[in-house]
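Excluded from the calculations below are hydrogen atoms, water molecules and symmetry mates; all remaining heavy atoms, backbone and side chain alike, are included. So that the names make sense, note that chain A is the first sequence line, chain B the second, and so on, each numbered from 1.
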Protein chains: 2
Amino acid sequence: MATLYFRLNPHLYLRDPQQTELGQKIISASVRLIDTLGFEQFTFKKLAEEIDSTEASVYRYFENKHRLLQYLVGWYWTWLEYRIDLSTSNLPTPHEKLKACIKVVASEKKFDDTFEFMDEVALHRIVVSELDKTYLTKQVDSDNKDGLFGGFKLLCKKISAWVSEINPTYAYPHTLVSTILLTAKHQIFFAEHLPSLTDLDKTTSRHHQLEKFLETLLLKTIG
Amino acid sequence: MATLYFRLNPHLYLRDPQQTELGQKIISASVRLIDTLGFEQFTFKKLAEEIDSTEASVYRYFENKHRLLQYLVGWYWTWLEYRIDLSTSNLPTPHEKLKACIKVVASEKKFDDTFEFMDEVALHRIVVSELDKTYLTKQVDSDNKDGLFGGFKLLCKKISAWVSEINPTYAYPHTLVSTILLTAKHQIFFAEHLPSLTDLDKTTSRHHQLEKFLETLLLKTIG
DNA sequence: TCTGATATGATAGTAATGCTATCTTAACTG
DNA sequence: CAGTTAAGATAGCATTACTATCATATCAGA
């Protein structure tokens, strides 16, 4: 059985956490902690206590907690792209690819044990709440130069290409696709916490509603 | 000449900053500082130094810097709604109202001296970069109970009503409108910092492009 | 004009945060 | 067996995010 390993941009870490036991413990525990505490309340001290290690040891893997968040989100985009590839590879038309793609983007992941150190369900909740914080900073330009947002950009590019295949005259494929990728997260957050900003409801059917919404938005817009 | 005064939710502050000289200095200086430093690097200590006051005095106006940000964003939504009201009030059809509304939402504010204590251009930059941080927190539910997001919700409701007037069968008017309001900010940020996620460019024509993009998105989707 | 109430300033203090540094031990590698 | 590397242990430090107290200035009502 082949093991899956995501090669992420080395600027995201100081020492590759996927390679060592401590590294994997850092990942699992940080996902658990950020999910429960929120990113603001999450500290390397609490993380170190959780895994019976020390702050100093954690700092050997990640420059700071912001980089760790960028790592997790980077991992998420890679994982999402991988799932999109799986579900679209055997489809013949860009139209079908887009529909399958939306389905994956809007879907609720139940459980996945491909990666033992990663709780994908908690990670998804983290992405919903914390994604925007990875780039909404004063260092965004230097982070971008280091390629820290490569996962997001790559995925956006891939999907935009399908959009352009369907309608080569449409002027805003990247804008449309990044809007859809972000909206998929934001609307889940609104459904959970600010229901008057959305029409999706709190039950699990919201993922189906989200899919319908995004599909209509995408297909009608490119017409 | 009537002076404009925005009545904001009192939970946003401890003492109304619009009423006193120190309060107005806090607002002006915080807008200037958050704009240059970014919200993360902004502290009440730096703010107090900037206005030759003390940390303690600032804390008498706002519980903490997060509340201050929520106040500024709340002020922004009220101001935006006011400008939307102005530009739509004399239009006969919801279709025209929506188009005028999109124009305001996508527009670049050059200068406005209605409020001497508020640099609206800097505030708009702050909203672009920091808006999402006002609600992407663990306290979102209690903040929402206190009505801290009332400005955003009210505006969303108003615009959604026009959408439903045009197409009463469309199932996701709030989802669509909140998406558009957020997208207007995010895409400006992308144009500035992450250009591969957008097709808008860095020049001022980007506001016109944004308007076109949002208008198509909205009208074709409910179309 | 006196009397409070209130706003602000001045100053101090404290726990937590976000690191950095150094030293030791344990493990694994050639 | 020697040498490198990872991790743990411990210390320290500047900044942050407050809270508390006391003094002073101001202004409004009696």
Side-chain angles (χ1 to χ4, degrees), chain A residues 10-30 33-34 36-72 117 130 133-134 136-139 142-143, chain B residues 10-30 33-34 36-72 117 130 133-134 136-139 142-143:
Chain A
H11 286 113
L12 286 167
Y13 51 80
L14 298 170
R15 183 170 299 163
D16 187 350
Q18 286 181 103
Q19 303 282 9
T20 69
E21 204 194 310
L22 180 62
Q24 300 198 1
K25 272 164 80 180
I26 288 175
I27 300 299
S28 333
S30 64
L33 272 184
I34 295 175
T36 40
L37 301 176
F39 185 63
E40 277 66 36
Q41 304 309 312
F42 166 80
T43 68
F44 275 5
K45 188 154 198 250
K46 292 172 187 169
L47 172 60
E49 273 161 24
E50 181 86 4
I51 58 178
D52 288 307
S53 178
T54 63
E55 244 183 302
S57 298
V58 177
Y59 273 105
R60 286 180 187 118
Y61 280 83
F62 293 99
E63 256 182 81
N64 50 52
K65 68 170 182 169
H66 190 249
R67 271 288 189 288
L68 171 51
L69 180 65
Q70 290 174 323
Y71 178 91
L72 295 178
F117 60 91
E130 322 288 0
K133 297 173 192 167
T134 58
L136 291 174
T137 68
K138 278 285 163 184
Q139 327 92 284
S142 104
D143 287 355
Chain B
H11 285 112
L12 286 167
Y13 51 80
L14 297 171
R15 182 170 300 166
D16 186 349
Q18 286 180 105
Q19 303 281 8
T20 69
E21 205 194 308
L22 180 61
Q24 299 197 1
K25 273 165 79 181
I26 288 175
I27 300 299
S28 332
S30 64
L33 272 183
I34 295 176
T36 41
L37 301 176
F39 185 64
E40 276 66 36
Q41 304 309 313
F42 166 80
T43 68
F44 275 5
K45 187 154 197 248
K46 291 172 187 168
L47 172 60
E49 273 161 24
E50 181 87 3
I51 59 179
D52 288 309
S53 179
T54 61
E55 246 184 300
S57 298
V58 178
Y59 274 105
R60 284 177 188 123
Y61 280 83
F62 293 100
E63 256 181 80
N64 50 53
K65 68 169 181 170
H66 190 251
R67 271 290 188 286
L68 171 52
L69 180 65
Q70 290 174 324
Y71 178 90
L72 295 177
F117 61 91
E130 323 288 1
K133 297 173 193 167
T134 58
L136 293 174
T137 68
K138 277 286 163 184
Q139 326 93 280
S142 101
D143 287 354

Ion pair check, B:K133 and B:E130, cut-off under 4.0 Å: yes

Would you say A:Q19 has more than 12 foreign heavy atoms packed within less than 6.0 Å of its CD? yes

Distance in angstrom units between A:F62 CZ and C:dT20 P, rounded: 16 Å

In whole Å, what is the span from the NE2 atom of A:H66 to the P atom of C:dC19? 11 Å

Over how many whole Å does the gap from A:Q19 atom CD to D:dT5 atom C1' extend? 15 Å

Short side-chain N/O contact to D:dA6 OP1/OP2 from A:Y61, under 4.0 Å: no

Nearest-Å distance, CG (B:D16) to C1' (C:dA7)? 15 Å

It should be established whether B:S57 places a side-chain nitrogen or oxygen under 4.0 Å from OP1 or OP2 of nucleotide C:dG9. yes

Which whole-number value in Å describes the distance from B:K45 NZ to C:dG13 P? 15 Å

Is any side-chain N of the basic residue among A:R67 and A:D143 closer than 4.0 Å to the acidic one's carboxylate O? yes

B:Q24 CD to C:dA7 P: how many Å, rounded? 16 Å

Which whole-number value in Å describes the distance from B:L37 CG to D:dT15 P? 15 Å

Reading DNA chain C from 5' onward, which residue's closest nucleotide shows up sooner: B:D52 or A:K46? B:D52

If we ignore hydrogens and angles and just use 3.5 Å, is the side chain of A:K138 paired with the main-chain N or O of B:E40 as donor and acceptor? no

For C:dA7, does OP1 or OP2 lie under 4.0 Å from any side-chain N or O of B:R15? yes

Sequence neighbours left out, what passes salt bridge (Lys or Arg N to Asp or Glu O under 4.0 Å) with A:E55? Give chain and number order. none

Relative to the 5' end of DNA chain C, which residue comes earlier, A:Q41 or B:K25, by the nucleotide with the nearest heavy atom? B:K25

In whole angstrom, give the distance that lies between atom CZ of A:R60 and atom C1' of D:dA7. 6 Å

Spacing of A:K25 atom NZ and A:S57 atom OG [to the nearest 0.5 Å]: 10.0 Å

So, B:K46 side chain and B:L33 main chain: donor-acceptor pair closer than 3.5 Å or not? no

With a 4.5 Å cut-off on side-chain heavy atoms, are A:L68 and A:Y61 touching? no

Output yes when at least one side-chain N/O atom of B:S53 is less than 4.0 Å from OP1 or OP2 of C:dG9, else no. yes

Can you pull every protein N or O that's under 3.5 Å from an N or O on nucleotides 23-28 of chain D?
none

If only atom types and distance count, is the side chain of B:S28 paired as donor or acceptor with the main-chain N or O of B:F117 below 3.5 Å? yes

Mind listing the N/O atom pairs, protein and nucleotides 17-19 of chain D, below 3.5 Å?
| unit_1 | atom_1 | unit_2 | atom_2 | d |
| --- | --- | --- | --- | --- |
| D:dC18 | O5' | B:Y59 | OH | 3.0 |
| D:dC18 | N4 | B:E55 | OE1 | 3.4 |

